[in-house]
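Computation of the quantities below employed the complete heavy-atom set of this structure, encompassing side-chain atoms and omitting hydrogens, waters and symmetry-equivalent molecules. When a residue number appears, it is its place in the shown sequence, counting from 1.
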Amino acid sequence: MKAVGRSLRARLRDGVAASDPGLLRLAAGLRTVGAIALTITVLGLLGSDVTHLVAGAMAAMVATFAIREKQRGKQAVTLALGLPVALASVTLGALLSSRVVGGDAFFVVLIFCAVYGRRFGDRGTALGLIGFQVYFLSLFVGAAVSGLPELYGALGIAFASSALVRFVLVPETPAGILYRLREAFRARLAQLVSAQVELLDAGPQELEKALEDVRGGTARLHETAMMIQGRLEEGTADKATARLLQRRIADAEIAAERLGLLLLTARSAERADTLTMHLPGAPAPAGAPLPARDEATATLRRDLDALRMLVLRPVSENGTALSHVRNRLLGYRDGDNLPAAPTVVQDVFRGIGEAARAVLGLRIALGGARDESDDTPATARSREEMDAEDAAIDAGEDEDREDDEATGLRRPTTRAAVQVAVGSSLAIVGGEFLSSQRWYWAVLTCWIVFINTASTGEILVKGYRRLVGTVLGVVAGIVLAGLVGHHTWTAFALVLVFVFAMFYTAPLSYTLMSFFVTAALGLLYTLLHTYTFSVLVLRVEETALGAACGIVAAAFVLPVHTDRRTNDLLVTVLDRLKDVTETAVDQLSGGPPVDLLDQARDLDQALADLRAATQPLTHPVTPLRARRDTARYVVALLETCAYHARSLAATAELLPTHPSIAADPRLRRAGRRIAHNIAAIAARLADEQATVEVETGRSIASLLEPDVPGTPRYGRVTDRVLRHLQRLDETVAGLARPLDVPVAEPRR
């Protein structure tokens, strides 16, 4: 029973870790709710009235979620600076409350400064957010000069409570977050292997769903890997440790994705197209399931389950059984004990061996014990290779990069500040016509739709989602207000629940977050005895007005159209892709070793930015179906290119340590066409008048035919490198059609 209980707890822990990588959403929700609960408890014990309870709760929420820095020292400094900013803001709000024109003008200036402050990094963003939200708080609770001392006390308690919860009750350290992210990566890797088992067993009717689960698992694993990349610098003791972990995470991600492709190929009548793994909704390739009673299929299923077990076992655990499983899987790398089966099925076993090697490296990098007593020759060889790789990791300083930042009104922060100031001015005027008492709701919505957006399309989608969430929240607020009545502490308890739900769902759904915000505000209105049905209807009207003002400002004041932004980001992705490909090919051709891991990370980040920017184009409600399909197809092609480029980079970094991989100067010939085509597509996107063409012709393998008859065809370059180059060449050429880039006639 104890073993069953431990197994159940382990599965629950792994499930939570996979659903919330690093427990970042859970921690954010707990910190915010804890700060609010502590604030209202202290204020309640001091006998504060409901108005100051509400003010303290809102201030505690702002003081908690505004701080985004990763280092605890910087968080403390920002929080300390935030209190005088909050006091100044509430003071000005009270002083200007009776001066309509002056108050409105100052509010617009404050909004401009708050948005412009983003250019000064996380601290500037946090202080601007605190200044704006506390000014809004003063309007919400009707702050007056005579009541400022009590408000000062509520704000001070709120900031102190936020600090206590952040640094004592729910502490957060970079090393702790990185540790939880590593556990989440292992959990999501195990989930992906489970999805691959389902793909193996799926019948014709279940194949599409099984493939979609593998796609989703692959995307979630990549998301977690990106989150780890962003935390390595702060969460590790030194750069060598960070680079080692970065390398092992990348190896495991690539090996897992390749294993999925090999499984799909084994299920297909022909080699599976890599694009199938990256294009949502792409049909599964035709083919029959592997024979269920076949001995090779049974062994394959057993070994996939064993791989999943190897992933999930604690890194500190060793033992004969674990060593036996590890040795058996690693033996497949060199073709040991491969079952009698078609070549495509044997390739899956080799893929399991590569994945097992990646998992072994990951376990060692995470601090696993090195029990080598039961090693087979294959396992010992894998350890020697990884030891050589570890020794070759360069912990030198990264090169400083100079960003070509725009200046003046072209700078994103300046442009956004001007846009939101204009939009807020419109919202103030329109809001005053709707309500002279609660016009600030329109301003708040206009402000919020500009947060973390960079194009007109993104603002349109965010405004739409906020309006939908607000309407649903109003309905919930009507029901809850009737149930709660004037039971103060019941209402505050429900507010805490909604605040937690708001922060927990914020990264998942902006509509859900808006719903919980509006429902919580309905309860706060009830506490302030200002709740009526007309107030909540006015909330919807003000929200719609604020969203409309934000969209108008974004569309007509220094606009950044979605097409222009996506084109700029496309060019950035292509530039990064060209850098990674050229560097990897040069290194595989005998060039000097270069830091490929950071280049691959830059490519992944650029692609993530592009994926986010295309959301307005791929939104389900968009009427431009053809445009939506094209955007999805282009992003899927680029994700395919990134996968092959990452794989080339990973192989190139093995050159100094693996005797089975050696440089081949002829690869430069194969890489020239790929680099030319990437540059041609980027040039065409940057300038529609550019006279460039995409080149096609003989396969990559044929370009490597020996110059001297009788010499080895491929030298010691592995077939895998050629396959990645071939697929990269085909996928880059495939970008030409959807992006309207001319294709030259193949040369004879």
Side-chain angles (χ1 to χ4, degrees), residues 192-215 217-218 253-279 282-308 328-358 378 640 643-644 647-648 650-651 660 699-701 713-714 717-731:
L192 177 55
V193 175
S194 296
Q196 291 169 348
V197 174
E198 295 297 325
L199 179 65
L200 172 68
D201 293 334
Q205 303 302 320
E206 300 88 20
L207 185 56
E208 296 290 346
K209 181 181 182 305
L211 177 57
E212 193 59 39
D213 289 344
V214 172
R215 284 194 194 110
T218 304
E253 182 190 357
I254 292 169
E257 186 166 359
R258 180 170 179 268
L259 180 57
L261 287 168
L262 292 172
L263 269 169
L264 191 60
T265 297
R267 288 288 318 260
S268 311
E270 56 186 15
R271 180 170 292 278
D273 188 342
T274 316
L275 180 63
T276 305
M277 294 295 292
H278 298 111
L279 181 59
L290 297 176
R293 299 178 180 274
D294 183 78
E295 182 178 349
T297 304
T299 304
L300 188 56
R301 188 180 299 107
R302 179 200 66 183
D303 288 338
L304 284 170
D305 287 335
L307 177 64
R308 180 179 179 277
R328 187 181 76 245
L329 300 185
L330 285 171
Y332 292 143
R333 290 186 65 214
D334 299 325
D336 296 345
N337 303 319
L338 288 176
T343 303
V344 289
V345 177
Q346 290 186 334
D347 284 343
V348 179
F349 282 100
R350 292 187 178 93
I352 291 176
E354 292 291 346
R357 178 197 183 275
T640 299
Y643 162 70
H644 291 295
S647 300
L648 286 172
T651 305
S660 60
S699 69
I700 292 295
R713 185 179 182 190
Y714 296 143
V717 177
T718 61
D719 288 341
R720 189 185 306 173
V721 171
L722 290 177
R723 285 200 298 270
H724 285 306
L725 283 170
Q726 180 66 41
R727 293 298 296 125
L728 182 58
D729 181 53
E730 294 168 356
T731 309

Using the salt bridge (charged side-chain N to carboxylate O under 4.0 Å, His left out) criterion, which residues pair with Arg350? Sequence neighbours excluded. Asp347
Quick one: closest heavy-atom pair of Ser194 and Arg308, and the distance? OG-NE, 2.6 Å
By ring pair (Phe, Tyr, Trp, His ring centres under 6.0 Å) - contacts of His644 (at least two apart): His724
Quick one: closest heavy-atom pair of Gly353 and Leu330, and the distance? O-CD2, 3.9 Å
Tell me the closest heavy-atom pair linking Ala341 and Ala296, and the distance in Å. CB-CB, 3.8 Å
Leu199 and Leu207, any side-chain heavy atoms less than 4.5 Å apart: yes
Note: Arg301-Asp305 ion pair, threshold 4.0 Å (strictly below): no
Salt bridge (charged side-chain N to carboxylate O under 4.0 Å, His left out) against Glu354, all qualifying residues, sequence neighbours excluded: Arg333, Arg720
Donor-acceptor under 3.5 Å (Gln346 side chain, Ala340 main chain): no
Between Leu307 and Ala355, the two heavy atoms sitting closest are CD2-CB, 3.8 Å
Is the closest side-chain heavy-atom distance between Leu263 and Val214 below 4.5 Å? no
Applying side-chain contact (heavy atoms from CB on, under 4.5 Å), run through Val348 and Leu304 and close with a yes or a no. CA-CA 10 Å; Val348 179; Leu304 284 170; 5.6 Å; no
Show your working on side-chain contact (heavy atoms from CB on, under 4.5 Å) between Ile352 and Leu262 and close with a plain yes or no. CA-CA 10 Å; Ile352 291 176; Leu262 292 172; over 6 Å; no
Any side-chain donor paired with an acceptor under 3.5 Å for Thr640 and Arg727? no
Shortest non-hydrogen contact between Ala356 and Leu329, atoms and distance: CB-CB, 3.7 Å
Reported CD-to-CD distance for the pair Glu198 and Glu206, which is rounded to 0.5 angstrom: 9.5 Å
List for me each residue that meets side chain to side chain contact (heavy atoms under 4.5 Å, CB included) alongside Thr299, sequence neighbours excluded, and say none if there are none. Glu295, Arg302, Asp303, Tyr332, Phe349
Rounded at 0.5 Å granularity, tell me how far CG in Asp729 sits from CG in Leu722. 12.0 Å
Listed by chain and number, what are the side-chain hydrogen bond (donor to acceptor under 3.5 Å, both in side chains) partners of Gln196, not counting sequence neighbours? none
So, does Glu257 use its side chain to make a donor-acceptor pair with the main chain of Ile254 at under 3.5 Å? no
Under the side-chain hydrogen bond (donor to acceptor under 3.5 Å, both in side chains) rule, collect the residues that match up with Thr218, sequence neighbours excluded. none
Not counting sequence neighbours, which residues clear salt bridge (charged side-chain N to carboxylate O under 4.0 Å, His left out) with Glu212? List them please. Arg215
Could you tell me whether a side-chain N or O of Arg258 sits under 3.5 Å from a main-chain N or O of Ser647, the two making a donor and an acceptor? no
side-chain contact (heavy atoms from CB on, under 4.5 Å) between Leu264 and Met277: does it pass, once the steps are laid out? CA-CA 9 Å; Leu264 191 60; Met277 294 295 292; 4.0 Å; yes
